[in-house]
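Remarks on the structure that follows.
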Amino acid sequence: MTEIFGYPIPVILGQLMLGLVNGSFYAMLSLGLAVIFGLLGVVNFAHGAFYMLGAFAAYIGLEALGINYWVALVLSPLVVGGAGIVLERLFLKHLYKLDPLYGLLLTFGLALIFEGVMRYFYGSSGNTYPVPDALQGVFNLGFMILPIYRAWVIVASMTICFATWFIIERTSLGATLRAATENPRLVQAFGINVPLIVMLTYGAGVGLAALAGVLSAPVIQVSPLMGSSIVVVVFAVVVIGGMGSILGSIVSGLALGMIEGFTKVIYPEASNVVVFVIMAIVLVLRPAGLFGRE
Amino acid sequence: APNEVVIGDIDDMSGVYADVIGQGGVEAIKMAIADFGGSVLGKKITILTADHQNKPDVGASKFREWADQNGVNMILGGSNTGVSIAMSKVAGQKKVPFIAIGAAGASLTNEDCTPYSVHYAYDTTSLANGTASAIVQQGGKSWYFLTADYAFGTQLRTAATEVVEKHGGKSLGEVRVPLGTTDFSSFLLQAQGSKAQVLGLANAGADFTNSLKAAQEFGITKQMKPAALLAFISDIHSLGLKTAQGLYLTTGWYWDLNDATRAWSKRYFSVMKKEATMNQAAYYSATLHYLNSVKAAGSTDPDKVMAEMKKEKINDMFVKGGYIRADGVMIHPMYVMQVKTPAESKYPWDYYKLVKTMSGEEAFGPITGKCQYAKK
Amino acid sequence: MQRSVVLLYAVLVLAGLVAPWLDIYPVYLMTLYSFAIFACAFNLLLGFGGMLSFGHAAYFGLGAYTTSWLVTAQHWGTLPAILAGMAVAALAGVVIGGLAIRRSGIYLTMITLALGQLVYFVCLQAPFTGGENGIQGVPRGTLLGLLPLRPDMTMYYFVFALLVLVFLGIRRIVSSPFGQVLKAIRENEPRAISLGYDVNRYKLMVFVLSAAIAGLGGSLKALVLGFATLTDVMQGNSGEVILMTLLGGAGTFLGPVVGAGVVVTLQDVLSDRVGSWVTVIIGCVFVACVLAFRKGIVGEFLAWRARRSVRAQAGGSADTPAGEAAPAAGEAAVSSR
Amino acid sequence: MPTEMLRIEDLQAWYGESHILHGVNLTVNEGEVVCLLGRNGAGRTTTLRAIVGLTGARKGSIRIRGEEAIRLASHKVARLGVGYCPEERGIFSSLSTQENLRLPPVTAQGGMSVDEIYAMFPNLKERAASPGTRLSGGEQQMLAVARILRTGARLLLLDEISEGLAPVIVQKLAETIRTLKARGYTIMLVEQNFRFAAPLADRFYVMEHGRIVQQFEQRELADKMDMLHEFLGV
Amino acid sequence: MPEKHLSEEIILETRGLTKEFKGFVAVNGVDLKVRRGDIHALIGPNGAGKTTFFNLLTKFLLPTRGTILYRGTDITHEKPAQTARRGLVRSFQISAVFPHMTVLENVRAALQRGLGTTFHFWKPESSLYGLHDRARQLLAQVGLQDFADELTVNLPYGRKRALELATTLALEPELMLLDEPTQGMGHEDVSRVTQLIKKASEGRTILMVEHNMNVVSSIADRITVLQRGTIIADGPYAEVSKNPQVIEAYMGSADTELQGAH
Ligand SMILES: Nc1ncnc2c1ncn2[C@@H]1O[C@H](COP(=O)(O)OP(=O)(O)OP(=O)(O)O)[C@@H](O)[C@H]1O
Ligand SMILES: Nc1ncnc2c1ncn2[C@@H]1O[C@H](COP(=O)(O)OP(=O)(O)OP(=O)(O)O)[C@@H](O)[C@H]1O
Ligand SMILES: [Mg+2]
Ligand SMILES: [Mg+2]
């Protein structure tokens, strides 16, 4: 049998594979979003912008300073995460006592600023970031040619997602984070420097977005608009997974990437909207999201 | 502005087509004004520029505002067919001559034509007549298209399909790609599934270069022969000859065609540090032609100028003996080129070898009669 | 209404009536009014319904598309086409609102954002919207077959009249029996439930009203400028209407109008001069609003006036230390749980 | 001259706009058990929260072992050796019992070891792996107290720890407090349950409308019963 | 008592009402009958499940198992607002008022429902002025007549509770559920609210959660004691207060009689 529902299996498998690559980005981004939301109660609208900045940091590093991919993979999240920390100190920390909507609006404004600045300097068309030499080449999977780099993206992001999950759910640092999520002021009264943790968490979440940005740079065009186009999808992923649920973010990120890929085979016109349609269905059936606690 | 002749330029200054016209277009207009002497009918010639961001509404609003508020006399622009159609609607309403350049859609001189619009440089018909026929004649019979999902892509794909079928080939289908797509892999995988011989790239600018690169990454160019339905020298430059070699494309102008083009290009290059695309060269030609027509008409009255523009032949470094047909198409020769291999390329920007020259009539075909102001 | 407020309104209406005679570009004013209507609609939901929608462009855009398509392709009259635009927007409000009110607060916001994006993609692909090109060359038609709206002057007064109507209409909605229930829900939702109000139906109702009025804004914009395009349904448009409302003052009546005025003017003045910095400036205004200016222009003014009158009464004895000021009315309006 | 563990002078505190404490003055000496009495809403919880920095704005002076703490962030106050057990217990539902227990960082030497704590509250050992809020009310209360014993904090602020507990557990808590006192801990108790607090405390403060209105010692207790009756209805 | 009068006599009944939270059983098979006209008190230690039980009755939570009968009708699966419209109205453990509305508007918000114009977004506010007389009457009942135009946030705590009661009364409830109505009140307030409840109980039934035994003993006709989600005693005050199991579960040391912490 070479067909399922009249679609050639190689095509379906190929699209699922590509979907998994996209899903890896969704998972990493929604993971960072969930971590930040969990601790800061801020829906980080600028998450897409940080993803974009991560990719640009790698791109600029290569173009202007000759920094190679592997160094960028470490440096870019640090730089962008650092910038995130500065923003948290300057702006976000003034909003914790207010309605979470203000955090959303503030980060929306920040996203506009980043995007506008990068547009000014780099135009809105994309820039190409080369695939690192070590990851050049392809795997012939039989049903498709899979560039090694894309396979690397899947492996790398799954590793990172698992590591993040492990830290939060299984370590004492994670326990502190979870406690601070529930009642930050009390945790602070126990002698834990919660503002510091909050700041570092924001930095880490933002760094995660930047890391996803670096990973994505050789796959897609590095463009100022790359963040705003993905962030809304990631929001939908988070709503589907259940806001604040780490596992939910990872699982639904990957799954939705693959569902999107599958849709591209059977009904390409709907591939842009399938995530939103699933979100609507989930909302009707389980308003708290698949993994969410009410 | 009573003591000025105002030329407007509404274009993609920052988006996917910015390299194709953008600031280079502005520079070309300036060169034309300088060559003309800076004033016409005793009035100073000034330029307004705006970025339409590839949004039809932005282009149309800007056009309307300049017409209502700034007394603009002529507007150049385009790059994007959708935006150009929107602007030509306003041109018709406000009676401001509009020279569309870089927007390929042939509908600008057919269904969407107005008495005030002119289409310079190339259109989908001439592009398809060039590349598609050349490739089918070489044996590329079955095609699958990767189409930019808006007016330009659709028209280009339609025109190419007609040409392919006319020459005995067939189209196996298409996949429509949204504007601004950054990852073409899944669309290409679909194209690959079609098992066609030729991958028709009915897109332009960054979309074109990205899709070609992705096709290579996924080993698709090994099975399918890519055909650029619209490619510019800036695209070839950014792709590099190693990637682009052997590609067929159609162009209305090339910097290295003859002495006149080389001389002009030297001036252009000294400012912009890169060679001009056919669009940028056309900007120069169109501006000059408009100014000559104003001078000849002795007035900036749009109707008089339009009549003059359609009457006079165009002779400059862009074209010898070109003319604007009743429906607004500027008729001039088109060149089918093949991209050189790195070994063939002898000096910087030595990218093309001429495969075939098509006369203006051959390239643009007969008047269709779809334009209500220019019946057959 | 207080005397001073009535006086202020009279002055504003007068200004609106003479404005086109003062060499102000009427198309600019009409665009401004369309967005002011849009912002008023948005404010009805945020300021008086306590729900922050990040997908309001959907209703605006659907209004614009529907009206444009009906007058262009179906040759409908202007007024029926506007009403149909509102109806379609309202219908979208029923669907999106119905889903979104299943959650509250930021969840609601994220859901509206995502569903707004869904509408965007539908408009991108639906056959009648013209995809990337939009619907161009939309005629203004005539009012009831009598008054041609093609001249900017007639169109101006038509749009202005509708703005005034919307403004007064929203005032009425807010003070109506329905508005009272809405306020109660915003103030304390569990309590409103326990009083026997099926709060979701009221929330949905205000959602739909807001969507319909936003649709009106979109319809008018399309007629004024002659096109409906994807920009109308894009996320950026939803962001802008939030900014207008926030900047002017959420939960105040005049705020959205003032905010729309500032934002539209800003874009108009800046876009030629600074190009892509417009986005940056808008972003900065957003940040400034959220950090320092949460009540918005009108809200800050009202607060200032209230403070002055309190001080006049009490002789200025405030024993709360700085930094712990009273929660602002605007903030209360935004917070929804 | 006993050393002062805690000295509060003219402490004022707000929640948002509402002014709750209007100038509280009190001292607690090292090794003492002091009980804060008062009606509902008198401001006793607020006093404890103000010490650890959990109210809104604060004014006045809070000295812990002589060190001014009014401007310190609350985690720094904790590091001066203050352990706070909140009225609402504050057990974290996403943490297991053991994680809850280990959450507060050790800030000084001399805290109890986990084994010692388990020996004191065997129930907690038994339920170490289950989520904190699955414990019964009494167990949660034990956990809330036990949690701060690990940290080495020598000044314990205990808010209504006997509330809603079965008498057996209340008795056990009383024993615990005696043990802690014997070990030299300084304890400030806030109690509604006068019967529980009366035999434990060395000294009493009575609060009313955000001020201290009375102060007396254990031995004066009998004489003060009428006054307490009037103030507290006990 | 003849069988057919049972539903007349028993206004509210739960059968095997159970609520589990992820394996934890907060309310466990509660069979409770509330007689029409009674002031019925629900007591029990913290975490016994009283608030949860209330939330089940008013549909803020869905029961895991069991049924709720109100005047003989099964209302287990109705929506909260529907239940409220049947005349089963609750007050909250924390004060529940509309803070940025005036005291009068608070009461009016409750009265308004009766007009049937709550969706009329086109009617002016003046269409509600007819309710003001009744609202002032209700405010007078709880001693708030002088505060009618005050903004509610500015009221002291005790008055907010009084307002909440007036608002609840405006709904003409047949069965009122009060969750710790005297919590957070000073002594004077406590006795005033106790009297208020007593007065409000005329012609209606009241089910209340209360820790303050002075209140319970002075006004409750019947007491149910809940512990770990199950009923351990049920009956008149005098009877329940001597029940050794209650003494053990709630009061503890057997040397005292049933008495609150107050
Ligand atoms: N978070 C808060 N926001 C505003 N007011 C508060 C807050 N917490 C307490 N209050 C108010 O502060 C006053 C004092 O409260 P506090 O909790 O200190 O009283 P208490 O003496 O501990 O009484 P009890 O615990 O018996 O209720 C009360 O009037 C209370 O309503
Ligand atoms: N949403 C929930 N999820 C999990 N457990 C819950 C939830 N709500 C309540 N519980 C648990 O159910 C039990 C009963 O709680 P409830 O609030 O009904 O007690 P109560 O009798 O009203 O106590 P109190 O006298 O303190 O008000 C408690 O152990 C509580 O932890
Ligand atoms: Mg207390
Ligand atoms: Mg309770």
Side-chain angles (χ1 to χ4, degrees), chain A residues 34-41 88-89 93-99 164-201 241-249 288-289 291-294, chain D residues 15-16 48-57 64 69 72-108 111 114 131-133 143-144 146-153 155-157 159:
Chain A
V35 170
I36 291 174
F37 177 76
L39 195 54
L40 285 74
E88 195 273 341
R89 286 289 90 181
K93 78 163 189 201
H94 302 295
L95 300 180
Y96 296 146
K97 283 187 214 145
L98 303 177
D99 193 286
T164 311
W165 172 84
F166 185 85
I167 289 173
I168 290 176
E169 297 293 338
R170 292 285 179 273
T171 66
S172 67
L173 171 66
T176 309
L177 285 175
R178 278 176 279 139
T181 304
E182 283 185 43
N183 189 344
R185 302 196 67 188
L186 182 59
V187 172
Q188 189 173 2
F190 286 150
I192 293 168
N193 191 346
V194 173
L196 181 73
I197 291 188
V198 164
M199 181 180 93
L200 292 178
T201 304
M243 191 89 193
S245 159
I246 304 291
L247 195 62
S249 299
F291 294 77
R293 282 179 286 247
E294 190 61 60
Chain D
Y15 283 119
L48 296 194
R49 290 173 64 87
I51 295 171
V52 284
L54 289 177
T55 55
I64 297 166
L72 294 184
S74 59
H75 63 276
K76 297 223 172 103
V77 177
R79 293 197 192 139
L80 293 176
V82 180
Y84 170 58
C85 176
E87 190 171 18
E88 70 284 357
R89 295 173 189 158
I91 303 299
F92 299 97
S93 65
S94 59
L95 272 60
S96 70
T97 301
Q98 175 151 350
E99 281 174 329
N100 264 291
L101 190 59
R102 289 175 181 274
L103 178 73
V106 172
T107 53
V114 173
T133 42
L143 179 55
R147 182 162 66 173
I148 53 172
L149 298 180
R150 230 190 94 249
T151 63
L155 171 60
L156 307 182
L157 311 176
D159 198 350

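Values reported hereafter were calculated over all heavy atoms of this structure, with side chains retained and with hydrogens, waters and symmetry mates removed. Just so we're on the same page: letters track the sequence lines, and every chain starts at 1.
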Atom group of Pro105(D) that falls short of 4.5 Å from chain A, counting heavy atoms: both
Nearest-0.5 Å distance that lies between atom OG in Ser74(D) and atom CD1 in Ile51(D): 13.0 Å
For Leu103(D) against Arg150(D), the heavy-atom pair lying closest together: N-NH1, 4.4 Å
Region of Leu157(D) in contact with chain A, defined by heavy-atom distances below 4.5 Å: neither
Side chain, backbone, both or neither of Leu80(D) within contact of chain A (heavy atoms, under 4.5 Å): neither
Ser172(A) portion near chain D, given a 4.5 angstrom heavy-atom threshold: neither
Pairs of donor and acceptor atoms involving the side chains of residues 164-171 of chain A, under 3.5 Å and at least two apart or interchain, shall be tabulated with distances.
from, atom 1, to, atom 2, distance (Å)
Thr164(A), OG1, Ile160(A), O, 2.7
Thr171(A), OG1, Ile167(A), O, 2.5
Thr171(A), OG1, Gly174(A), N, 3.1

Engaged part of Ser96(D) at the chain A interface, taking heavy atoms whose separation is under 4.5 Å: neither
Pairs meeting criterion ring pair (Phe, Tyr, Trp, His ring centres under 6.0 Å) with involvement of residues 74-103 of chain D, two or more places apart: none
Residue of the set Asn193(A), Val194(A), Thr181(A), Leu177(A) for which side-chain contact (heavy atoms from CB on, under 4.5 Å) holds with Val187(A): Val194(A)
